[in-house]
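Down below is the structure, laid out as structure tokens.
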Protein chains: 2
Amino acid sequence: MEGKSNIFTIASRTGYSVSTVSRVLTGQAEKYRISKKAIDLISETARQVNYQPNLVAQSLRTKQSKTIGLLVPGIDNPFFATLSGIIIKLLADRGYHTLLADSRESDVEEEMALQMFAGRKVDGIISVPVAASAELHEQISRDIPMVLIDRHFNHTSLPYVCTDNYLGARMATDFLLDKGYKSILAIQGVPTSMPNQERLRGFTDAIKGKPVHYAVVGNAFSVENGHDEIMNCFSDGARPFDAVFAFSATILLGAIDAFRRLNIEVKRDVGIISYDNNGFLDFLDPAVTRIEQPLREASEIAVETLFGIIDSRREGLPEPTVCQRLIPPTLVVRSSC
Amino acid sequence: MEGKSNIFTIASRTGYSVSTVSRVLTGQAEKYRISKKAIDLISETARQVNYQPNLVAQSLRTKQSKTIGLLVPGIDNPFFATLSGIIIKLLADRGYHTLLADSRESDVEEEMALQMFAGRKVDGIISVPVAASAELHEQISRDIPMVLIDRHFNHTSLPYVCTDNYLGARMATDFLLDKGYKSILAIQGVPTSMPNQERLRGFTDAIKGKPVHYAVVGNAFSVENGHDEIMNCFSDGARPFDAVFAFSATILLGAIDAFRRLNIEVKRDVGIISYDNNGFLDFLDPAVTRIEQPLREASEIAVETLFGIIDSRREGLPEPTVCQRLIPPTLVVRSSC
DNA sequence: AAGCTTTGCTCAAACGATTGCGCAAAAATA
DNA sequence: TATTTTTGCGCAATCGTTTGAGCAAAGCTT
């Protein structure tokens, strides 16, 4: 009834010791040969007093919190929101709870979050890192199993599962080239971020040696950036490019908005292709051709990998070989180019 | 250095007792008249061994977890993603962490989440409830301070802060009427959900007594629902309505898609207005007139209210008067009607 | 010099669980 | 009946903190 029942309450009400109660309640009755009578009485009493184990005390004693820390750089970004939704569900299915932190693309907030995870004694961490250096992540991962998702570091032994941004960008660019576009404007996001670098590399590699004019501009995964760069390039009637490759859906939106202002019609006047998962892109007119990342698959692998490490460390087994996976994205063809 | 330093390590390295160390490290040095020498030595040693307090042990002892449970019905829904982002930030600013659970619109998952929050001894709960009955929420709220956001229950004393869905729907409908539309189709979401009921009431009240033809269809806050209902009503050239009021952005998208298939042009052939915050709606063509909910303001009030309860309970003061707020939404006029 | 205050710290008991070890009673075996 | 084995359970330490109470030494007062 009261929200204050603990293992001791049950012990005194049943006349058994706390040890026995604990063993029954944690399902260790067999192992310790508790009588059926005791089991029944204790279970029944526990139900009556509406016993809820104190997970804090449990964590302290067992050194298992049944909690995973999830660190994303912006939960309000639909991409990470979707990703989080999938991961939270996968964790819940395994009986784990999620402590969510948002670094908001700031490395000091990231550091605070990681320290908090460590203090909270989470059993594992799934992180979309923002820091330039792997140092802190590596340090923490010595104590706590960790896997990176969506972004990773160069030259690190941390396990990660990301989509192959290089490949995705090549696919996008090749598609444009196949369609016969002759001059392509790439609008990039944060230049230092790993996905951006890979996309850029994919783009330039794809275009290398082809008789195609191109340029790369931009510096943020934002609507404004997309808008501004289009305004710069296409103002006063200029038509320097016949196709645009937006490195994110946000950039794309800004670009579309700018084109509308400039009275340039997408598809007829200029082809457009974008990166990112975003079902919304289907509702634009024309619907936008894009590179989609297999979020579910990536999440599943990441979670799988994480528990692989957790389990092996718990058992004292040698760690599984570090999983560093790049998953190929898919090209979703619509009518924007 | 090692990740295993605790208060005891520091005690033995400095020669002081754990009590003294604890008091220094929790900033209670003054209060207990610890010498400056001790303070300096202990702090310095703590830094050297990279001491991180074990928050689990701390929670157990102090009965304060510095954690708030946040329960949403679908983190992958941009609306709740945005809301969560704001709330997480507000909590972090106050030094609180967020345990996020996703009920996925299921009341059994909601129940599990709430029980989990209770077991985890969170200091407070912010919930977007999905259950039909307030019972469980009310029960839990006796132990743990709680505030509802976005949705609430009828006849409950639980504090909540929601946007005024009735008012929003009236505003939307009045706007359509002012514009001279004569026959309006409302596509609703989950009929049993509180926001939907209020929106429906607002819609019918606004239309009552006006010389206007109308209908209400639909049953889910989904793209499919929007699509299907439009297909039903407008198929084979029928034009039974000159305006559509979509009760959510998802519904709206489905509707737009259907109109496109039917070769019906939004704005010229039919006016459209929508509910929900979604910056994306500005990038549709035409941009969609809509009712936006002041998420930031609501979140701030909710967090404020929650800490009001937390603080007063901690101090043993009488609880603040129950805060039940309806915040007026705003009409964002674009060109879709 | 005796008594009173202040200073600076330590002791030990919580918080609510888990768990290795041990032990009495009952049952089985000899 | 004496011994061994099994059954069923309890004792007490432990996880890493916090905190009320207490106490010796130093300083002050008269």
Side-chain angles (χ1 to χ4, degrees), chain A residues 2-43 46 49-67 118-123 143 314, chain B residues 2-43 46 49-67 118-123 143 314:
Chain A
E2 319 304 297
K4 25 186 48 205
S5 69
N6 55 20
I7 215 172
F8 187 78
T9 327
I10 302 183
S12 49
R13 282 173 77 124
T14 57
Y16 286 101
S17 72
V18 292
S19 327
T20 304
V21 174
S22 168
R23 298 202 241 251
V24 169
L25 264 23
T26 52
Q28 313 215 69
E30 319 257 308
K31 187 172 151 198
Y32 286 92
R33 298 182 302 236
I34 311 294
S35 65
K36 178 155 189 330
K37 200 175 74 175
I39 298 185
D40 290 346
L41 179 57
I42 291 175
S43 316
V49 300
N50 185 31
Y51 171 73
Q52 295 290 134
N54 182 323
L55 301 178
V56 175
Q58 226 166 236
S59 302
L60 178 60
R61 179 58 227 242
T62 63
K63 298 184 159 313
Q64 265 208 91
S65 60
K66 287 282 179 184
T67 304
R120 268 278 133 73
K121 304 296 169 191
V122 297
D123 295 339
D143 283 335
R314 176 153 15 88
Chain B
E2 318 305 297
K4 25 185 48 204
S5 68
N6 55 22
I7 217 172
F8 186 79
T9 327
I10 301 182
S12 51
R13 283 174 75 126
T14 57
Y16 287 102
S17 72
V18 291
S19 327
T20 304
V21 174
S22 168
R23 298 203 238 252
V24 169
L25 263 24
T26 53
Q28 313 216 67
E30 317 260 305
K31 186 172 151 196
Y32 286 92
R33 298 181 303 233
I34 311 294
S35 66
K36 178 151 187 335
K37 200 175 73 176
I39 297 184
D40 289 346
L41 179 56
I42 290 175
S43 316
V49 300
N50 185 30
Y51 171 74
Q52 294 290 135
N54 182 326
L55 301 179
V56 175
Q58 228 166 236
S59 301
L60 178 61
R61 178 59 225 240
T62 62
K63 297 179 160 313
Q64 266 208 90
S65 59
K66 286 284 180 185
T67 304
R120 268 278 133 72
K121 304 295 168 192
V122 297
D123 295 339
D143 283 336
R314 177 154 14 91

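Here is the naming used below: chain letters follow the sequence lines, and residue numbers restart at 1 for every chain.
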Requested in this report: Take the protein atom NZ of Lys31(A) and the nucleotide atom P of dT19(C), then report the distance between them rounded to whole Å.
Outcome: 7 Å
Report task. May I ask you to verify whether the side chain of Ser17(B) and the base of dC11(C) hold a donor-acceptor pair under 3.5 Å? Result -> no
Requested in this report: Report yes or no: is there a donor-acceptor pair, N or O only, under 3.5 Å between the side chain of Arg23(A) and the base of dG10(D)?
Outcome: yes
Query - Test log, rule side chain to side chain contact (heavy atoms under 4.5 Å, CB included), inputs Val24(B) and Ser43(B) - result: CA-CA 7 Å; Val24(B) 169; Ser43(B) 316; 4.0 Å; yes
Please tabulate the protein-to-nucleotide N/O contacts below 3.5 Å involving nucleotides 14-17 of chain D, giving atom names and distances.
residue	atom	partner	partner atom	Å
dT14(D)	O2	Arg61(A)	NH1	2.6
dC15(D)	O3'	Lys63(A)	NZ	3.2
dG16(D)	OP1	Lys63(A)	NZ	3.4
dT17(D)	OP1	Tyr51(B)	OH	3.1
dT17(D)	OP1	Asn54(B)	N	3.2
dT17(D)	OP2	Ile7(B)	N	2.8
dT17(D)	O5'	Tyr51(B)	OH	3.2

Requested in this report: Decide yes or no, distance alone: a donor-acceptor N/O pair under 3.5 angstrom between the base of dG16(C) and the side-chain of Arg120(B).
Outcome: no
Query - Heavy-atom protein contacts under 4.0 Å, nucleotides 22-29 of chain D, coded B base, S sugar-phosphate only, - none - result: --------
Query raised in the report: Under 4.5 Å between any side-chain heavy atoms of Lys66(A) and Gln58(A), yes or no?
Result: no
Query - Residue pair Asn54(B) / Asn6(B), side-chain heavy-atom distance below 4.5 Å - result: no
Query raised in the report: Between the side chains of Ser19(B) and Ser22(B), is a donor N or O closer than 3.5 angstrom to an acceptor N or O?
Result: no
Query raised in the report: Do you know the tightest heavy-atom contact between Lys36(A) and Asp40(A)?
Result: NZ-OD2, 2.7 Å
Query raised in the report: Is any side-chain N or O of Thr20(B) closer than 4.0 Å to OP1 or OP2 of dC9(C)?
Result: no
Requested in this report: With the side chain counted from C-beta on, respond yes when Ile10(A) and Leu25(A) share a heavy-atom pair under 4.5 Å apart, and no when they do not.
Outcome: yes
Query raised in the report: Under 4.0 Å between a side-chain N or O of Tyr16(A) and OP1 or OP2 of dC9(D)?
Result: yes
Report task. Check whether any side-chain nitrogen or oxygen of Ser35(A) sits under 4.0 Å from OP1 or OP2 of dC9(D), and answer yes or no. Result -> yes
Query raised in the report: Are any of Tyr32(B)'s side-chain N or O atoms less than 4.0 Å away from OP1 or OP2 of dT18(D)?
Result: no
Requested in this report: Examine dT19(C): is either OP1 or OP2 under 4.0 Å from a nitrogen or oxygen in the side chain of Gln28(A)? Give yes or no.
Outcome: yes
Query raised in the report: Side chains of Arg120(A) and Thr67(A): closer than 4.5 Å at any heavy-atom pair?
Result: no
